[in-house]
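No experiment lies behind these values; they were computed from the predicted model shown. Scope of the values below: all heavy atoms of this structure, side chains included, with no hydrogens, waters or symmetry mates.
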Amino acid sequence: MLFRRNYSNRSLALPAFSFCEPTAEGLKSWIKILPKTDPHALANKLIQAGEDIATSQCELEQALPALDMLATPLHNAAQGLTQFHSKDQSDSAALLKQQRLYSLYGQIYFFTAQKHLELKSGPACDGLMLTASGYLCRAMLTSYQLQESAPSGCWKQLHAIYLYSITDSHSATTATRLDDNYKAMVSLACANPDKLNSTQLASLFDYLQNIDTGVRINATPTDQSHFKLATHQDVAPQRYLHCDQHGSQAHSETTPAATLYLNFQKLQSDLSSSSLSPELIGQLANCFDASPHRTFNRALGAGTLDICHGFEQIHYYLSGEKSFESFTRPFINTYTVDDLSSINSMGEPCSKTNDIWKSDYKTGWNNVEFSGDSIEFKIRTSLDNEDKSSGGYNLNSITIVDTNPTGYCLSGHHLSFTNYKSGNLIGLRDAENGKWNVAVIRWTKNEDDQRKLGVELLGPDIKPYGIKIIHSKQGTELLPALGVSPLKKDRSTSDDANLANLIIPNLGLKAKSAATLIGEDVEQRIILSDCVEKTNEYCRYAHTTLTDAPPYANAPTH
C-alpha cells in the first residue's frame with residue numbers, strides 16, 4: 001500500500017475534479033458524503049473520480065495525495081461488490097462494476113509508479129507497484145469470471161511490473177509479493193479459465209496467491225516448459241511448442257529476446273495435497289502438462305447455424321415445436337372440458353347429455369372460413385395456437401468458424417450471446433437438412449465485438465423425454481430430459497459412461513434415484529445410477545430400466 005500522509009493541515013492542489021474543489025479539503029468533504037451502504041453507487045462515484053485523474057494529466061505531487069485519500073473508499077467498494085456477487089452468482093452487474101473499478105485504478109497506479117520511478121526512484125515506488133499489481137490481477141480475474149478477454153493493456157502492464165520486481169524493487173519482501181501475484185495470474189491464465197465458473201476461478205486464484213505456487217519462470221526453454229510469455233506484448237501466456245523428433249522447431253517463427261518460459265512441474269506435484277476439489281485438480285494437472293496431440297484436423301467452416309439456449313427451448317424444437325406441457329399431456333392427469341363435464345361433484349363419472357352441435361364441430365368445422373369477429377373464428381384461432389402459446393422462442397443465427405468430427409467453433413455478435421456460458425446446453429440446427437443437434441459449450445472467448453463458442457456435440461441421435469423424479473412417497477417433479485447416445489467411445493471414461501444415458505437439469509440428486517421416464521409413446525420406470533458428467537446447468541446419468549415393473553395403465557396407444 002501507499003505510505004500514509006497527513007493532509008489535514010495542508011492545502012494541496014489536486015487534479016481538477018468535476019465534482020469537488022481541487023484541494024485536499026474539498027476531496028475529503030466529498031469522501032465524507034459518499035454512499036456507504038450502496039456499493040454500486042459508491043463504485044460509480046469512484047469511477048468518476050478515477051476518470052478525472054486519468055484524463056487530467058496531473059503532476060505526481062497531485063496524483064499521490066488524491067490516490068492516498070481514495071484508498072479506503074476503494075477498498076470498501078470492492079468488498080461490497082464482492083458480497084453482492086456472492087449472494088447472487090447469476091448477477092454479473094457487480095462483476096462488471098468490479099472489472100471497471102480494478103482496471104481503471106490499476107492503470108492509474110501503474111502510470112503513477114512509472115512517473116515516480118522516472119523522477120524520484122525510491123522505496124515509495126514499491127508500494128505503488130504493489131497496489132497496481134493487485135488491482136490489475138483482480139481486473140483480469142473478474143474478466144475471466146465474466147468469460148471476457150482481459151482489459152486492454154493489463155497483460156503488458158503486469159509483465160512490466162514483474163520485470164520491475166526483478167530489476168528495480170527496493171525491498172525483497174515487495175519483490176516476493178509482486179512475484180507471487182504475477183505467478184498466480186499466469187497460472188490462472190494457463191488453467192483454461194474459459195472452462196471454469198466464477199466460484200472456481202475465485203477459489204483457484206486465492207489458492208495460487210496464498211501458496212508457494214512452484215512455478216518457475218526461465219529465460220530459456222526447458223523440457224518442462226509448456227507455456228511462454230511475450231513480455232513486450234499485451235498477450236496472455238501461450239502454449240509453447242517443443243522441437244519435434246527430428247530436431248526442427250515445431251513453429252517457424254523466431255522466438256523474440258523478450259520471451260520467458262513457464263515450468264509447472266513443482267506445482268503439478270503440489271496439487272495432489274491441495275484443498276482443491278478433485279475435478280479442479282484433474283483439470284489443472286492436464287492444463288499444465290504437455291499439449292495433448294490432436295487426433296483430428298480442424299477444417300475451416302462456412303455458413304451459419306440456428307442456435308437456441310436452455311432446456312425448455314431445446315426440448316421444444318426437438319419434439320417438433322411442442323411445448324413441454326403438450327408433450328407430457330397423455331401421461332399426466334389433465335382434463336379437457338369434455339372430461340370435466342363427465343365428472344360430477346363427488347368425483348365420479350356421470351352420464352353426459354348429447355350436444356346437438358358436437359357432430360358439426362367434429363366434421364371439419366375448423367376448415368370453414370369464418371369472419372374474424374365471429375365467436376367461431378376466435379375458438380378456432382385459440383385451438384390452433386394452443387401449443388404455440390408456450391413456445392414463441394426467438395432463434396439466433398451464428399457463424400461457423402471451423403469444425404471437427406465432434407463439434408464446432410462458432411462466432412456471433414457479443415451482445416446476442418452474453419448469457420452463453422461454458423457448461424450450458426445449446427441446440428443447433430443446420431439450415432440444409434433442418435435437423436436439430438444438441439451440444440454443450442466447452443469454452444467461450446470474446447474478441448473485439450464477437451463472442452466465440454467452442455461446442456461439443458453430445459451425440460448423433462438425441463431424443464426428447466420427460467422425467468418424473470420421485471423425491472419421496474409424497475413428492476414428484478416433472479422435468480424435461482434428453483436421451484443421448486454418445487458420439488464416440490471415450491477411453492478416459494468407464495464403459496457405463498459410453499452407454500446411452502439421460503441429461504436432466506442439475507438438481508443435486510443422489511445416486512440410485514427412482515424416476516419415471518416419459519417418451520413420445522411410452523412410459524417406464526427407471527433408476528438413475530452413476531452421474532457421468534456434471535455442470536452448473538445439467539447432469540448426465542446412466543440409468544437402468546425396471547423391466548419387471550407392471551405397465552402403466554395411462555400409457556397411450558398410437
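Under a cut-off of 6.0 angstrom, the local environment of NZ in K266 is crowded, with over 12 non-hydrogen atoms contributed by other residues, nucleotides or ligands. Applying the 6.0 Å contact sphere to CZ of R216 captures no more than 12 heavy atoms from other residues, nucleotides or ligands.
The closest side-chain heavy-atom distance from C190 to F288 is below 4.5 Å. In this structure, the side chains of I504 and L479 stay at 4.5 Å or more apart for every pair of heavy atoms. Residues Y162 and T231 fail the side-chain proximity criterion, which asks for heavy atoms closer than 4.5 Å. Side-chain contact between D430 and K435 is absent, with no heavy-atom pair separated by less than 4.5 Å. The closest side-chain heavy-atom distance from I217 to Y182 is below 4.5 Å. In this structure, M140 and W155 have side chains that are in contact, with non-hydrogen atoms separated by less than 4.5 Å. With contacts defined as side-chain heavy-atom distances shorter than 4.5 Å, the pair E321/Y316 qualifies. Two residues are said to be in side-chain contact when any heavy atoms from C-beta on lie closer than 4.5 Å; L458 and L482 fail this criterion.
Between S397 and I307, the shortest heavy-atom contact is N-CG2, 4.5 Å. When all heavy atoms of Q145 and A202 are compared, the pair lying nearest together is NE2-CB, 3.7 Å. Scanning all heavy atoms of the two residues, the minimum distance from A43 to K97 falls at CB-CG, 3.5 Å. Listed here is the closest heavy atom pair of C308 and L395: CB-CD2, 3.8 Å.
Between the side chain of Q313 and the backbone N or O of G310 there is no donor-acceptor pair closer than 3.5 Å. Side-chain N or O atoms of E148 include none that pairs as donor or acceptor with a backbone N or O of S143 at under 3.5 Å. With hydrogens and angles ignored, the 3.5 Å screen pairs a side-chain donor or acceptor of N210 with a backbone N or O of D206. Without hydrogens or angle criteria, D234 side chain to G153 main chain gives a donor-acceptor distance under 3.5 Å. The main-chain N or O of G407 is found under 3.5 Å from a side-chain atom of N404 such that the two form a donor-acceptor pair. Between the side chain of H315 and the main chain of Y465, a donor-acceptor pair closer than 3.5 Å is present.
Distance SG/C539 to CG/N501: 11.5 Å, rounded to 0.5 Å. With values rounded to the nearest 0.5 angstrom, Y102 atom OH is found 6.0 Å from R138 atom CZ. Remark: T328 OG1 to I518 CD1 distance equals 6.0 Å, nearest 0.5 Å. The line from CG of L196 to CG of L201 is 5.0 Å long, rounded to the nearest 0.5 Å. Atom NE2 of H309 is separated from atom CG of L425 by 8.0 Å, given to the nearest 0.5 angstrom. Once rounded to the nearest 0.5 Å, the distance linking CG of L478 with CD1 of I467 reads 9.5 Å.
S319 is linked by a side chain to side chain donor-acceptor pair (under 3.5 Å) to nothing, counting only residues two or more places apart in sequence or in another chain. Not counting sequence neighbours, the partners of T444 by the side chain to side chain donor-acceptor pair (under 3.5 Å) test are Q147. With sequence neighbours left out, R442 forms a salt bridge (Lys or Arg N to Asp or Glu O under 4.0 Å) with E456, E533.
Ring to ring, H226 and F264 are not that close: their centroids are 6.0 angstrom or more apart.
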Discussion item. Working note: L136 + N181, criterion side-chain contact (heavy atoms from CB on, under 4.5 Å); need CA distance, chi angles, decisive distance, verdict.
Written reply: CA-CA 10 Å; L136 292 173; N181 281 350; over 6 Å; no

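Ring pair Y317/W436 is parallel by interplanar angle, where below 30° counts as parallel and above 60° as perpendicular. Aromatic ring pairs are classed by plane angle as parallel below 30°, tilted from 30° to 60° and perpendicular above 60°; the pair F324 and F327 is parallel.
A donor-acceptor contact closer than 3.5 angstrom is absent between the side chains of D180 and Q209. Side chains of S416 and N396: a donor-acceptor N/O pair is absent below 3.5 angstrom, by distance only.
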